[in-house]
Amino acid sequence: MKVIVAIKQVPSRDSRLRVDGSGRWIDPTDLTAEINEPDAYALEEALQWKEKHGGEVVVLCAGPAGATQTIRDALAKGADRALHIEEENLTAYDSLRLAELLAAAIRAEQPDLVLTGLQSDDLGYGQTGVILAELLGMPHGTIIMQTEKTAAGIRVKRELEDGWFQFVELPLPALLTIQSGINKLRYSTLMGIKKAKSKEIKALTPAALGVTPGGAAPLEKLYAPQRGKQSRLIEGDARKQAAELVEILKHEVRAI
Amino acid sequence: MSSSDGILVVMEQTRGAWHKMSWETLAGAQQLGGGMPVTAAVLGHDVGALAAELGGKQIAKAIAVDHALLASYTADACTAALTQLVAAVQPALVLLPHTYQVRDFAPKLATRAGRVLVSDVIRIEAAGDGFVFVRQLFQGKLNGDFRAAGAGPHFASVQAGAYRVDTLAAGSAPVETFAPALDAAQIRARVEEPFRESARAVDLTAAELIVSVGRGIKGRENIGMVEALAQALGAELAASRPICDNGWLPMERQVGSSGQTVSPKVYFAVGISGAIQHQVGMKGAKTVVAINKDPNAPIFEIADYGLVGDLFEIVPALTEEIKKHK
Ligand SMILES: Cc1cc2nc3c(=O)[nH]c(=O)nc-3n(C[C@H](O)[C@H](O)[C@H](O)COP(=O)(O)OP(=O)(O)OC[C@H]3O[C@@H](n4cnc5c(N)ncnc54)[C@H](O)[C@@H]3O)c2cc1C
Ligand SMILES: Nc1ncnc2c1ncn2[C@@H]1O[C@H](COP(=O)(O)O)[C@@H](O)[C@H]1O
């Protein structure tokens with residue numbers, strides 16, 4: 001069983017974001033990066049599949065040279081090898097074009113299962129996995145909270161809205177978009193980190209994959225939103241803030 | 001049925017009940033205006049009554065896309081049916097509500113048409129020979145404009161709450177039936193009946209006061225501090241998704257699109273950024289109090305009262321102050 005996991009490197013969650021001079025992306029100065037949260041769960045799910053059913057886990061990442069940090073972390077957790085599509089400027093691609101880039105790399109590997117996160121924390125398209133499935137001719141399941149191998153393929157638990165769920169069975173090869181919380185994340189061990197150093201990271205380029213940047217609807221402009229409703233800000237040190245809020249809760253909101 | 005300057009709205013229903021976001025999307029299509037005729041379609045089996053209801057809105061046409069294989073949702077059948085409908089209607093723009101179901105098939109539908117779906121948009125403007133779509137990036141911290149120019153169909157899905165249902169205009173439109181050609185062999189997924197997890201031990205929907213904790217709390221060992229605040233207030237404790245994903249609080253305390261929808265008198269958001277999936281679960285609260293160290297956090301967009309600062313200082317101070325007043 002060969003499982004490919006698409007992982008993306010995104011700015012750390014607590015980052016102070018500033019739009020850069022081009023007005024199209026954020027200034028990377030002083031920003032730290034981490035793996036996109038649901039992708040960490042997708043990786044864990046892939047590692048558990050390998051532990052149960054054997055085979056291989058290959059991570060796939062399109063991103064700048066600095067993304068090797070995130071790739072190494074995935075290898076340290078137990079992925080066997082990696083494909084790194086080196087591209088400094090991911091925002092030059094629209095969602096379809098980026099998926100075409102990933103699909104070209106996946107096709108050559110002929111995996112049994114492809115896992116992606118359900119959404120990226122930066123662009124937040126929430127659609128790369130489903131586009132990939134269509135491009136690769138695979139059936140797919142989205143927002144997956146459980147997976148299980150069956151005789152016919154794979155049975156997965158889809159999260160629906162409002163606390164509803166549904167089981168769906170798909171033939172393999174298939175693609176799943178993984179929801180955060182599907183499993184319990186592991187930490188990398190010292191041994192894993194040591195082993196990762198000798199694992200293969202294959203460098204690929206968009207040109208070699210036959211995909212050029214662009215697309216029909218790329219990001220044109222990035223900016224701070226105009227906030228709609230203005231909150232009434234309660235200022236001062238913590239004690240003062242607390243005292244004023246309690247006054248408001250008593251006399252204006254009448255909640256205590 | 002050809003109107004290459006029109007908008008096709010794909011409505012969502014489950015077992016005869018509309019998804020509320022469908023109406024918001026239809027309202028958005030009406031507002032886009034510019035003389036663009038709006039066609040609204042509903043998919044399923046025996047959906048004539050729903051289509052008739054659509055015909056009572058101010059649109060050019062309502063269409064019932066009807067087939068036995070559309071009775072329960074699959075991405076394969078839905079994509080095949082809508083591919084045929086889009087080819088027949090030839091709209092300039094296809095609009096869908098950004099629901100979990102739309103997330104499941106719309107990227108596939110657009111890809112099959114060789115087009116790009118602009119997902120989860122909060123605003124749409126007609127611009128020259130195309131559209132500018134505004135959508136949120138970085139979990140609502142920044143906005144981005146995406147321009148789609150040239151011949152349609154363009155595809156976009158609309159975020160919850162982007163347009164208001166109460167602006168929807170009534171009217172009278174002809175109702176048609178569209179019978180797609182579908183084959184059971186096209187459907188690769190074998191779907192089972194949707195279900196709910198066993199009865200919820202905690203019902204947050206009836207709570208008057210809710211103190212909800214997010215990732216700003218940093219670790220499991222700090223949850224007790226927020227619990228103490230909830231206790232002092234006599235409030236229920238709730239959480240954002242990552243708190244439950246990490247197992248720091250049970251899933252049944254999760255508020256949001258995949259958790260509970262609550263509407264308390266006061267909702268305290270402690271260390272919660274206010275991502276849209278969280279907001280949809282709590283924006284019905286009468287009063288929202290946000291405690292967050294980041295003055296630009298999206299939660300302040302819907303908060304009535306904002307306390308910018310370190311929750312590790314504010315929460316204990318607040319707990320103490322409330323105890324004094326009780
Ligand atoms: C399909 C789908 C469904 C989802 N369903 C849900 C759902 O049902 N419910 C839900 O909540 N989420 C849901 N999410 C996840 C959602 O998108 C967000 O990732 C999540 O809500 C973020 O949680 P958070 O605000 O606690 O964490 P973060 O976004 O990490 O925010 C933490 C906040 O804490 C603040 N903070 C940090 N330290 C301090 C401090 N010392 N003092 C004060 N403030 C501090 C930060 O400024 C930040 O604003 C869903 C996502 C998807 C894609
Ligand atoms: N540049 C990338 N490299 C690898 N995987 C990606 C990349 N962009 C998106 N993905 C995958 O697609 C998922 C959904 O991303 P998105 O459609 O941008 O919300 C992510 O969780 C990743 O698994």
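All chains are named by letter (A, B, ...) in the order of the sequence lines, taking the proteins before the strands, and each is independently numbered beginning at 1. Only a predicted model underlies this, so the values are computations on that prediction, with no experimental measurement involved. FYI, side chains are in, hydrogens and waters are out, and symmetry mates aren't considered; it's all heavy atoms of this structure.
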Given a strict heavy-atom distance threshold of 4.5 Å, which part of V288(B) is in contact with chain A: side chain, backbone, both, or neither?
neither

Of the backbone (N, CA, C, O) and the side chain (C-beta and beyond), which part of D76(B) lies under 4.5 Å from a heavy atom of chain A, both, or neither?
neither

Test: R241(B) and E159(A) ion pair at under 4.0 Å
yes

Interchain contact, E208(B) with chain A, by part (heavy-atom threshold 4.5 Å)
neither

Does the distance from a Lys or Arg side-chain N to an Asp or Glu carboxylate O, for E321(B) and K240(A), drop under 4.0 Å?
no

Could you walk me through whether K250(A) and E247(A) pass the salt bridge (charged side-chain N to carboxylate O under 4.0 Å, His left out) check?
CA-CA 5 Å; K250(A) 272 181 90 166; E247(A) 282 304 305; 5.6 Å; no

Does any backbone or side-chain atom of V266(B) lie under 4.5 Å from a heavy atom of chain A? Answer side chain, backbone, both or neither.
side chain

Consider side chain to side chain contact (heavy atoms under 4.5 Å, CB included). Of L118(A), L115(A), V114(A), which one does T177(A) pass it with?
L118(A)

Report which part of I291(B) has an atom under 4.5 Å of a heavy atom belonging to chain A: side chain, backbone, both, or neither.
neither

For S157(B), is it the side chain, the backbone, both, or neither that has a heavy atom closer than 4.5 Å to a heavy atom of chain A?
neither

Should the pair R155(A)-E169(A) be classified as a salt bridge under the 4.0 Å nitrogen-to-oxygen rule?
no

Considering only heavy atoms, which portion of H154(B) lies under 4.5 Å from any heavy atom of chain A: side chain, backbone, both, or neither?
neither

Below 4.5 Å from any heavy atom of chain A, which atoms of R215(B) appear? Answer side chain, backbone, both or neither.
side chain

Give every residue pair that meets the salt bridge (Lys or Arg N to Asp or Glu O under 4.0 Å) criterion with at least one member in residues 112-135 of chain A, sequence neighbours excluded.
K8(A)-D122(A), R13(A)-D121(A), E134(A)-K108(B), E134(A)-R112(B)

Name each donor-acceptor pair under 3.5 Å that joins a side chain in residues 95-107 of chain A to protein atoms two or more places apart or in another chain, with its distance.
| residue | atom | partner | partner atom | Å |
| --- | --- | --- | --- | --- |
| R97(A) | NH1 | T212(A) | O | 2.9 |
| R97(A) | NH1 | P213(A) | O | 3.2 |
| R107(A) | NH2 | L135(A) | O | 3.3 |

Need one label for S257(B): side chain, backbone, both or neither, based on atoms under 4.5 Å from any heavy atom in chain A.
backbone

Measuring heavy-atom distances to chain A, does L209(B) have an atom under 4.5 Å in its side chain, in its backbone, in both, or in neither?
side chain

Cut-off 4.5 Å, heavy atoms of chain B, and the answer for R24(A) is neither

